[in-house]
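Order of the sequence lines sets the chain letters (A, B, ...), proteins ahead of strands, with each chain counted from 1.
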Protein chains: 2
Amino acid sequence: MAKNKRLTADVYSSKCPSREVLNHVTSTWGSLVLVLLLEQTYRFSELRNRIGGISEKMLAQTLQLLEKDGFIARKVYPVIPPKVEYSLTPLGKDVAEKVSALKLWVEANLTKVISHRSKNA
Amino acid sequence: MAKNKRLTADVYSSKCPSREVLNHVTSTWGSLVLVLLLEQTYRFSELRNRIGGISEKMLAQTLQLLEKDGFIARKVYPVIPPKVEYSLTPLGKDVAEKVSALKLWVEANLTKVISHRSKNA
DNA sequence: CAGTATCCTATCGGATACTG
DNA sequence: CAGTATCCGATAGGATACTG
């Protein structure tokens, strides 16, 4: 077993690839897709319908990106009409849980943010 | 004490303001600023120096946005040259911890993502 | 030091149309 | 159904210069 040279990842460095990964999972659509797939496997059209305001272009692009990063598994059924299912990989489930915690916090504390905004309007 | 009408926040709805708040805290620069301020209070130039690649424009814009949402407190010292310190509010500390968990996960698991990418290149 | 103002470019992202 | 391709406008965001 080779001893790896261990470089420390650092999101504060613009060169570090960790920043790119962080951007993928926190992107507008990426975060929503990840959290949604935590519930269950979904088909392309189901995701499109559940995520208000997303376009097919952005959904496809987001899914491809998250698949390349190893967060999402894509399963194609060779049937007509086409059927494709998206699910989380173990790695994806792991990040998605972190993103989910953030999403739940925001929903739960929304009123506090709103009231602060109006106070200092 | 008035009984509030309680609307459920839902990030999947494009109309819900929770999506906007989520976007603020997960934005490229917003997420980095929040996590950094979890360490300690920082001045404008310190933040700029610690966050690789950020421009003054984006830093100022990000700080203003997070201040409006009630996550960041801005303290101005009436001295010359000017001195301004940024810190987290209790609300901000709360979100920042969620964002931090995500950031730490990404840094810790970066190699897995990289290796998956190269496998399916 | 801590910004603001202006300008300009690149990328984001929506609408529409088309394909296997 | 599950995309891809193209076009195009909106916005993110960098560089530079300037101010209190």
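- Distance CZ (A:R43) to P (D:dC1): 8 Å, rounded to an integer number of Å.
- For the segment residues 50-74 of chain B, residues with any heavy atom less than 4.0 angstrom from an atom of DNA chain D are, sorted by number, B:G53, B:S55, B:K57, B:M58.
- Atom CD in A:E46 sits about 11 Å away from atom P in D:dC1, given to the nearest Å.
- Residues of residues 18-41 of chain A that place a heavy atom closer than 4.0 Å to DNA chain D do not occur.
- Pairing partner, C:dA10: D:dT11, with both Watson-Crick or wobble hydrogen-bond distances short of 3.5 Å.
- Looking only at distances, a side-chain donor or acceptor of A:H116 sits under 3.5 Å from a matching main-chain atom of B:K68.
- When both pairing distances are held under 3.5 Å, C:dT19 makes a Watson-Crick or G-U pair with D:dA2.
- Between the side chain of B:R43 and the backbone N or O of B:E85, no donor-acceptor pair lies under 3.5 Å.
- Distance A:Y77 OH to D:dG3 C1': 18 Å, rounded to the nearest Å.
- Counting only heavy atoms from C-beta outward, the side chains of B:Y42 and B:R50 approach each other to under 4.5 Å.
- Using modelled atom types, one side-chain atom of A:S118 and one backbone atom of A:I114 make a donor-acceptor pair closer than 3.5 Å.
- Put simply, B:Y86 has a side-chain N or O that comes within less than 4.0 Å of OP1 or OP2 on C:dG3.
- Side chain of A:T26 to backbone of A:L22: a donor-acceptor contact under 3.5 angstrom is found.
- Counting only distance, with no hydrogens or angles, the side chain of A:S18 and the backbone of B:L110 share no donor-acceptor pair below 3.5 Å.
- Note: CD1 (B:I80) to P (D:dT19) measures 17 Å, nearest angstrom.
- When rounded to the nearest whole Å, the span between CZ of B:R48 and P of D:dG13 equals 18 Å.
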